[in-house]
Every structure is written in C-alpha cells, then in structure tokens.
Amino acid sequence: MKGGKGKASTKKETPEALKPADDKRVGKRKAAVKADKTSKSKGKKDTKAKKDPNKPKRPPSAFFVFLEEFREIYKREHPNVKAVSVVGKAGGEKWKSLTRAEKAPYEAKAAKRKNEYEKLISAYNKKQESNVDDGDEESDRSKSEVNDEDEEESGEDEDDEDDNEDED
C-alpha cells in the first residue's frame, strides 16, 4: 500500500475546533475558524495588465482542433441538444477512445497552427520592442529639451537679478 496519508490525516484539529458550540444550529462542534481572505485582498490594488487586442491568440491544441469538427457532426446527429457541456463531454469521451493513428491528423493541424502562431508572435514581439524603444527615445528627448529650456530661462533670470542688485 502506498503512503496512507491523505488530506484529512495531515490536518491537526485545534482545541477550539473541538469545543462544543453554544449555538445549536451549528452542531455539536464548532467549525474551524477560517482566515478572512477579503481583508487581504482589500489592501492590494489590481495591478493586472490590460490585454493587447492586437496580440495574436494562442493556437488550439489537437483536442480543440478535433472538437471543432466533432461539434458540427454532433449537432447534426443531435439537433435537440443545446447544452455546451453535453457536447464537450461527448467530445472528450470520443477523443479518449481514438487511437494514435486517428489522432494524428488533428495533431498535425495543431502543429501547423502552432508554427503559424510562433511566426506571428515573434513579429508581434519585434514590433512591441521597436515601439518601446521609439517611445523611450522620444520621451528622453522631450524631457531633456524641456530641462534645457528651463535652465536657460532660469540662468537669464539670475543674471538680470544680479544686475539689479549691482545697480542698488
């Protein structure tokens, strides 16, 4: 027999959890007090990056390529079935029953789509890198130009003030 430990055997019950409950609706024993996760999430801000709509979608796996064809066949055979879950379950069972030879054309199509995706994503990444580089240079230039102008203006003003002090 392999390791006989399960999730239940690894948990240790605290003495508080074993004390009888005051409220009869809870039962004989108190439920273990769980940590309040909402207080932790309130302190954090959502820093999730926005998705780029121009980014290519990931290619489907061999199973999903198979499922595209299977859905059409299944809907023709069972026109009354509207539930997506039923079609998915039937497709999963059919996929499991297929042999490697029967799965091969779907795997080939998936591999072809993956190669196309890799080309698209590499082009997308190069474009993103060039956009980032261009954006940095422009922002650096604009900052330095603004700073130079500020220094020139402040330098002229200081000279005028020094001249005024000498005249007094």
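Both backbone and side-chain heavy atoms feed into the values below; hydrogens, waters and symmetry mates do not. This chain uses plain numbering: 1 for the first residue, then up along the sequence.
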List, by chain and then residue number, the residues other than V87 in its hydrophobic cluster (Ile/Leu/Val/Met/Phe/Trp/Tyr, side-chain heavy atoms under 4.5 Å); write none if there are no others. F63, F64, V65, F66, L67, F70, Y74, V81, V86, W95, L98, Y106
Looking at NZ of K75 and NE2 of H78, how far apart are the two atoms once the value is rounded to the nearest 0.5 Å? 13.0 Å
Quick one: list whatever passes side-chain contact (heavy atoms from CB on, under 4.5 Å) with K119, sequence neighbours left out. none
Applying the side chain to side chain contact (heavy atoms under 4.5 Å, CB included) criterion to K55, which one of N125, I121, L120 satisfies it? I121
For the residue pair N115 and K112, establish whether any side-chain heavy-atom pair is separated by less than 4.5 Å. no
Atom pair NZ (K109) and OG (S61), whose distance is rounded to the nearest 0.5 Å: 13.5 Å
K103 atom NZ: more than 12 heavy-atom contacts under 6.0 Å: yes
Measuring only between side-chain heavy atoms, which start at C-beta, is E116 closer than 4.5 Å to P59? no
Please name the pair of heavy atoms, one in P60 and one in A110, separated by the smallest distance, quoted to 0.1 Å. O-CB, 3.9 Å
